[in-house]
Amino acid sequence: MQKLLLPRWRQTLTSSTILLSASRSIHQQSHSLFDDDDLYDPPFSKTLEPDNRKTSCPETLDSEKDPKFPLRSDLPFDFRYSYSEYNPSINPIGFREPPRFSPFGPGRLDRKWNGVLAPVTGDADAGSVLAEERERERDSVLGDPLTEEEVDELVERYRHSDCSRQINIGKGGVTHNMLDDIHNHWKRAEAVRIKCLGVPTLDMDNVCFHLEDKTGGKVIYRQINILLLYRGRYYDPKKRPVIPLMLWKPHAPIYPRLVKNVADGLTFEETKEMRNRGLNSPALMKLTSNGVYVNVVGKVREAFKTEEVVRLDCNHVETSDCKKIGVKLRDLVPCVPILFKNGQIILWRGKNYQTSIDQ
């Protein structure tokens with residue numbers, strides 16, 4: 001059969017007609033896709049029109065409009081970030097953040113934050129009355145003293161390292177929010193296991209005092225850095241005190257320099273000589289980061305009986321922790337820190353060391 005030969009212009013017209021029909025079919029398919037609201041094909045997805053409808057926004061948390069705020073607490077002590085790592089005899093000389101920013105949040109507490117603490121509202125007489133009432137309430141909650149058998153039973157139940165009712169105390173010491181954690185544990189347990197590490201272990205008596213004073217419990221077991229805090233015979237979780245929580249950790253204030261250029265009682269040359277002697281003397285102890293320092297004070301006191309200058313190797317301890325260790329040793333030994341350099345703490349016993357020990 002003879003093929004029908006078309007002119008070249010007719011062949012071009014036929015091919016263009018085929019392409020046009022193909023494009024029309026594709027266009028119709030795309031419209032059908034849009035009609036089916038199929039938006040999963042990117043090349044043919046239609047442009048979404050902006051939605052001008054007003055969406056209902058959730059109400060923001062406003063402490064001023066919430067009837068629960070400001071919170072009022074009857075606790076008769078000033079609120080601060082850390083209770084055990086604070087020295088009331090040293091006043092700050094500046095602040096790293098404006099004191100008007102309370103870590104409890106705006107309008108959430110009936111006490112005013114002054115940059116260091118939130119003092120008790122009211123006069124001193126009212127505060128003393130609240131303290132006496134709280135002491136009587138604490139004695140009534142604790143009830144009769146525990147017998148040796150009851151203490152042994154609680155110790156055997158909570159002293160082990162796998163105890164689920166445990167709170168860890170680190171460099172911050174006894175913090176404010178920790179009080180709420182202790183009461184949360186006391187809902188379901190008679191005692192709480194507390195493990196202390198770092199700078200607070202230099203003065204475990206201070207840690208025990210603040211735990212008992214701020215929570216109303218009683219320390220029934222103490223082994224090196226492990227404590228058991230008992231809630232009392234008649235503890236009622238429904239009558240626990242109101243403890244407003246801190247929403248963030250406040251910045252530490254700026255305090256005066258710990259080490260003076262010239263130590264009190266020495267000249268500049270004598271201070272320089274003492275520092276060199278300390279750096280060249282053998283280290284009394286080597287402290288580790290976040291370790292247990294319960295025996296440091298005793299060893300420093302013992303060393304000062306024969307040595308005038310003592311060096312502590314704190315190469316693996318953070319610089320801020322080194323200064324905290326120096327402050328505590330200055331008050332507990334007592335002694336005079338004269339140098340912090342390259343992870344080394346140089347302590348001088350002072351001229352009146354023996355007199356202060358006797359007192």
Side-chain angles (χ1 to χ4, degrees), residues 75 77 81-86 134-135 137-241 243 245 285-299 316-317 321 324-325 328-329 332:
L75 294 174
F77 52 84
Y81 173 73
S82 177
Y83 296 103
S84 61
E85 305 307 301
Y86 174 74
R134 187 164 181 269
E135 187 66 24
E137 183 181 356
R138 176 176 180 267
D139 294 337
S140 63
V141 170
L142 288 176
D144 298 331
L146 295 174
T147 62
E148 294 184 3
E149 292 79 9
E150 291 174 330
V151 172
D152 294 340
E153 180 183 355
L154 291 174
V155 168
E156 185 61 28
R157 191 190 310 172
Y158 295 106
R159 73 178 177 86
H160 300 286
S161 59
D162 58 349
C163 176
S164 60
R165 303 298 174 185
Q166 175 174 311
I167 292 178
N168 297 322
I169 293 182
K171 65 174 68 177
V174 181
T175 59
H176 178 77
N177 288 357
M178 191 178 295
L179 308 181
D180 186 71
D181 296 337
I182 292 174
H183 283 282
N184 290 337
H185 281 294
W186 278 349
K187 286 182 181 179
R188 298 174 179 84
E190 295 183 78
V192 180
R193 182 179 190 264
I194 298 177
K195 183 178 181 180
C196 306
L197 293 174
V199 181
T201 57
L202 284 168
D203 191 2
M204 290 298 297
D205 294 335
N206 184 45
V207 173
C208 294
F209 167 76
H210 284 288
L211 285 174
E212 293 182 345
D213 180 63
K214 302 303 185 294
T215 64
K218 184 176 180 60
V219 176
I220 59 174
Y221 175 80
R222 174 176 169 180
Q223 182 66 31
I224 306 178
N225 64 322
I226 303 297
L227 306 173
L228 287 186
L229 188 63
Y230 177 59
R231 68 181 185 180
R233 292 183 183 271
Y234 307 109
Y235 177 80
D236 186 2
K238 297 180 180 179
K239 297 181 180 179
R240 57 181 288 181
I243 303 176
L245 295 180
M285 296 182 66
K286 185 174 183 178
L287 305 184
T288 59
S289 177
N290 209 29
V292 180
Y293 312 141
V294 292
N295 58 349
V296 174
V297 176
K299 288 192 174 184
H316 302 285
V317 182
D321 290 350
K324 292 178 182 178
I325 291 172
K328 281 189 170 289
L329 292 178
L332 295 173

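Please read all numbers here as calculations on a predicted model, not as lab measurements. What's counted below: heavy atoms across the whole structure, side chains too, no hydrogens, waters or symmetry copies.
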- Message: Determine whether a donor-acceptor pair (N or O, by modelled atom type, separation under 3.5 Å) exists between the side chain of Tyr293 and the backbone of Thr288.
- Response: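 Yes, because the side chain of Tyr293 sits within donor-acceptor range (under 3.5 Å) of the backbone of Thr288.
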
- Message: Determine whether a donor-acceptor pair (N or O, by modelled atom type, separation under 3.5 Å) exists between the side chain of Ser84 and the backbone of Asn206.
- Response: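 No, because the side chain of Ser84 does not come within donor-acceptor range (under 3.5 Å) of the backbone of Asn206.
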
- Message: Could you check whether Asp205 pairs with Arg222 (Lys NZ or Arg NE/NH1/NH2 to Asp/Glu carboxylate O, under 4.0 Å)?
- Response: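 Yes, this pair counts.
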
- Inspect the contact between Asp144 and Arg233 and indicate whether a charged nitrogen and a carboxylate oxygen are less than 4.0 angstrom apart.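 A salt bridge is absent here (no side-chain N lies under 4.0 Å from a carboxylate O).
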
Interatomic spacing from [atom1] in [X] to [atom2] in [Y] - rounded to 0.5 Å:
{"X": "Phe209", "Y": "Asp203", "atom1": "CZ", "atom2": "CG", "result": "11.5 Å"}
{"X": "Ile243", "Y": "His176", "atom1": "CD1", "atom2": "NE2", "result": "6.5 Å"}
{"X": "Arg188", "Y": "Arg165", "atom1": "CZ", "atom2": "CZ", "result": "6.5 Å"}
{"X": "Tyr234", "Y": "Leu142", "atom1": "OH", "atom2": "CG", "result": "11.0 Å"}
{"X": "Ser140", "Y": "Glu135", "atom1": "OG", "atom2": "CD", "result": "10.0 Å"}
{"X": "His183", "Y": "Arg231", "atom1": "NE2", "atom2": "CZ", "result": "11.5 Å"}

Heavy-atom side-chain contact between [X] and [Y] under 4.5 Å:
{"X": "Leu197", "Y": "Asn168", "result": "no"}
{"X": "Tyr221", "Y": "Val151", "result": "no"}
{"X": "Lys299", "Y": "Met285", "result": "yes"}

Mind listing the closest non-hydrogen atom pair of [X] and [Y] along with its distance?
{"X": "Leu332", "Y": "Leu202", "value": "CD1-O, 3.9 Å"}
{"X": "Ile220", "Y": "Leu154", "value": "CD1-CD1, 3.8 Å"}
{"X": "Glu212", "Y": "Arg138", "value": "O-NE, 3.6 Å"}
{"X": "Met178", "Y": "Gly173", "value": "CE-O, 3.5 Å"}
{"X": "Leu179", "Y": "Val174", "value": "CD2-CG1, 4.4 Å"}
{"X": "Ser82", "Y": "Gly172", "value": "OG-O, 2.5 Å"}

- Message: Apply side-chain contact (heavy atoms from CB on, under 4.5 Å) to residues Leu75 and Lys214 and explain how you reach the verdict.
- Response: CA-CA 8 Å; Leu75 294 174; Lys214 302 303 185 294; over 6 Å; no

- Among Val155, Leu227, Leu228, Leu229, the one residue meeting side-chain contact (heavy atoms from CB on, under 4.5 Å) with Arg193: Leu228

- Task: Only one of Ile169, Thr201, Ile194 passes side-chain contact (heavy atoms from CB on, under 4.5 Å) with Val207; say which it is.
- Result: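 Only match with Val207 under side-chain contact (heavy atoms from CB on, under 4.5 Å): Ile169.
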
- Query: Can Phe77 and Tyr83 be said to form a ring pair (Phe, Tyr, Trp, His ring centres under 6.0 Å), step by step?
  - Reply: CA-CA 10 Å; Phe77 52 84; Tyr83 296 103; 5.6 Å; yes

- Item | Stepwise side-chain contact (heavy atoms from CB on, under 4.5 Å) check, Arg159 with Ile226 | CA-CA 8 Å; Arg159 73 178 177 86; Ile226 303 297; 5.6 Å; no

- Task: Go through Arg240 and Asn184 one step at a time and tell me if the side-chain contact (heavy atoms from CB on, under 4.5 Å) criterion holds.
- Result: CA-CA 10 Å; Arg240 57 181 288 181; Asn184 290 337; 2.8 Å; yes

- Message: Would you say Asp181 and Asn177 are linked by a side-chain donor-acceptor pair, where the criterion is simply a distance under 3.5 Å?
- Response: no

- Check against side-chain contact (heavy atoms from CB on, under 4.5 Å), Thr175 and Tyr81: CA-CA 5 Å; Thr175 59; Tyr81 173 73; 3.9 Å; yes

- Item | Lys218 atom NZ, neighbour heavy-atom count above 12 within 6.0 Å | no

